[in-house]
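Take a look at the structure set out below.
One is the number of the first residue; the rest follow in order along the sequence.
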Amino acid sequence: MKAQEAERLAEQVRIDSSKTALERNKMGQFATPPTLARQITEYMLSLRNGEPISFIDPAIGSGSFFSALMHVKNGEHIEQACGIEVDPQFAEVSQRLWSAFGLSVQNADFTLLKPPSAEEDRFNLVLTNPPYVRHHHLDSQNKVRLKDFGTRFLGSEMSGLAGLYCYFMLLSHEWMKKDALAVWLIPSEFMDVNYGVSVKQYLLERVELLHIHRYDPADLQFDDALVSSAIVVFRNKKPEASHLAKFSFGGPIDQPRNECEISISDLRSVRKWTSL
């Protein structure tokens with residue numbers, strides 16, 4: 001396993017170095033540092049109920065989260081594991097490194113794939129760092145397609161300014177089993193900006209929001225790609241009005257500097273969530 005992780009890191013550097021900063025920006029490719037991936041994965045495992053894992057990462061990249069899962073799973077059985085990656089170079093690396101450990105990688109655009117129709121074919125764990133592609137890097141055809149999907153899915157108008165990660169989150173809903181656990185590493189800006197209303201609507205109405213942890217942008221342990229990032233954790237179940245969601249800030253997710261709990265009903269009246 002150490003050999004695979006060492007090769008993964010080397011391949012990550014090789015592929016990133018072969019692209020310009022603009023190319024990586026357009027693709028939204030910002031790799032998850034291995035220490036952070038393991039922290040998040042360990043926290044995720046503390047929330048699970050012990051049933052066999054059926055894992056999906058719709059933006060698998062070189063497999064940072066799957067690698068972390070292999071290192072920290074502590075004997076948990078992985079029933080199935082699926083990775084989807086639009087970049088053929090990263091898809092090839094993930095397939096080569098992790099197929100022997102049960103990961104099936106599909107080189108495809110996640111936004112164009114049809115989700116499984118049967119409950120038993122869906123997944124009980126989503127663990128991902130989706131592409132941070134800003135709206136102006138989406139071509140007009142895809143932007144219209146995704147915006148229309150989001151509007152139909154939520155039943156309310158979705159902003160055309162939403163980044164690709166917002167659509168990834170909404171699209172992943174139909175890939176999850178009932179009560180599935182989802183852990184997303186995404187920009188924290190959704191908590192305050194106007195286009196983030198759609199993401200917050202999803203988190204308040206369609207799933208049970210468990211925890212949002214915002215990393216301190218001034219914390220030097222994170223590189224530029226993680227400035228103002230957040231971990232969003234939820235279960236695929238309808239929330240009760242009395243349900244309490246945890247908000248935390250600074251430090252690692254399992255030992256934050258500050259934290260509080262707020263009810264879902266109260267959250268509906270809070271416009272900017274970073275104030276929490």
Side-chain angles (χ1 to χ4, degrees), residues 1-9 12 30-83 94 97-98 101-103 123-130 165 169 172 176-177 179-188 203 207-216 219-223 225-237 244-261:
M1 185 64 68
K2 289 184 178 179
Q4 282 84 1
E5 175 61 6
E7 185 176 353
R8 184 190 74 79
L9 291 172
Q12 183 76 54
F30 298 98
T32 310
T35 300
L36 181 59
R38 291 195 190 187
Q39 287 176 355
I40 294 170
T41 305
E42 286 176 342
Y43 178 75
M44 173 276 297
L45 288 176
S46 73
L47 302 177
R48 285 183 38 76
N49 58 15
E51 67 178 333
I53 292 172
S54 54
F55 162 96
I56 185 170
D57 183 343
I60 193 75
S62 62
S64 58
F65 276 122
F66 186 77
S67 176
L69 181 60
M70 291 294 97
H71 278 89
V72 306
K73 64 186 178 73
N74 295 324
E76 287 209 46
H77 176 62
I78 299 180
E79 192 171 65
Q80 66 170 328
C82 174
S94 287
L97 291 179
W98 307 117
F101 298 90
L103 179 68
F123 302 85
N124 62 22
L125 174 61
V126 179
L127 182 58
T128 189
N129 172 10
Y165 71 92
M169 183 177 288
S172 74
M176 293 190 293
K177 290 183 176 180
D179 296 326
L181 182 66
V183 184
W184 291 75
L185 172 58
I186 61 175
S188 63
L203 295 174
V207 296
E208 182 182 73
L209 178 62
L210 300 178
H211 189 176
I212 294 181
H213 177 73
R214 182 171 182 253
Y215 291 103
D216 187 345
D219 194 330
L220 296 180
Q221 69 177 299
F222 302 114
D223 60 30
L226 291 174
V227 169
S228 195
S229 292
I231 302 297
V232 180
V233 185
F234 56 86
R235 289 194 190 279
N236 184 21
K237 60 185 294 188
L244 298 176
K246 181 190 294 186
F247 282 73
S248 60
F249 174 79
I253 188 170
D254 58 342
Q255 294 180 321
R257 292 206 300 267
N258 302 297
E259 64 179 68
C260 69
E261 290 186 326

query = Atom CE of Met44 and atom CD1 of Ile253: how far apart are they, to the nearest 0.5 Å?
reply = 11.0 Å

key: Non-hydrogen side-chain atoms of Leu103 and Ile78 separated by less than 4.5 Å   = no

request  = Would you give the length of the straight line joining atom CH2 of Trp98 to atom CD of Gln4, rounded to the nearest 0.5 angstrom?
outcome  = 5.5 Å

query = Side chains of Asp179 and Asn49: does their closest heavy-atom pair fall under 4.5 Å?
reply = no

query = Going by the salt bridge (Lys or Arg N to Asp or Glu O under 4.0 Å) test, which pairs reach into residues 62-76, not counting sequence neighbours?
reply = Arg48-Glu76

task = Run the numbers on Ile40 and Asn129 for side chain to side chain contact (heavy atoms under 4.5 Å, CB included), then give the verdict.
result = CA-CA 11 Å; Ile40 294 170; Asn129 172 10; over 6 Å; no

key: Heavy-atom side-chain contact between Val233 and Tyr43 under 4.5 Å   = yes

query = Can Val126 and Met169 be said to form a side chain to side chain contact (heavy atoms under 4.5 Å, CB included), step by step?
reply = CA-CA 10 Å; Val126 179; Met169 183 177 288; over 6 Å; no

task = Verify side chain to side chain contact (heavy atoms under 4.5 Å, CB included) between Ile231 and His211, making sure each step is shown before the conclusion.
result = CA-CA 8 Å; Ile231 302 297; His211 189 176; over 6 Å; no

request  = Output all residues satisfying side chain to side chain contact (heavy atoms under 4.5 Å, CB included) with Val72, sequence neighbours left out; order by chain, then residue number.
outcome  = Thr41, Glu42, Leu45

inquiry  = Between Ser228 (side chain only) and Ser188 (backbone N and O only), is there a donor and an acceptor less than 3.5 Å apart?
reply    = no

ask   = When rounded to the nearest 0.5 angstrom, what distance separates NZ in Lys237 from CG in Leu210?
value = 9.0 Å

query = Quick check: does any side chain N or O of His213 sit under 3.5 Å from a backbone N or O of Glu259, one acting as donor and the other as acceptor?
reply = no

request  = Measure the spacing between SG of Cys260 and NZ of Lys246 and express it to the nearest 0.5 Å.
outcome  = 10.5 Å

inquiry  = If you define the side chain from C-beta out and look only at heavy atoms, does anything of Asp254 sit under 4.5 Å from Ser46?
reply    = no

Got a list of side-chain donor-acceptor pairs under 3.5 Å for residues 54-68, not counting sequence neighbours?
unit_1, atom_1, unit_2, atom_2, d
Ser54, OG, Asn124, N, 2.8
Ser54, OG, Asn124, OD1, 3.3
Asp57, OD1, Ala59, N, 2.9
Asp57, OD1, Thr128, OG1, 2.6
Ser62, OG, Arg8, NH1, 2.8
Ser62, OG, Gln12, OE1, 2.7
Ser67, OG, Glu5, OE1, 2.6

remark   = Value for CZ (Phe234) from CG (Asn236), rounded to nearest 0.5 Å, stands at 8.0 Å

inquiry  = Rounded at 0.5 Å granularity, tell me how far CG in Leu125 sits from NZ in Lys177.
reply    = 11.5 Å

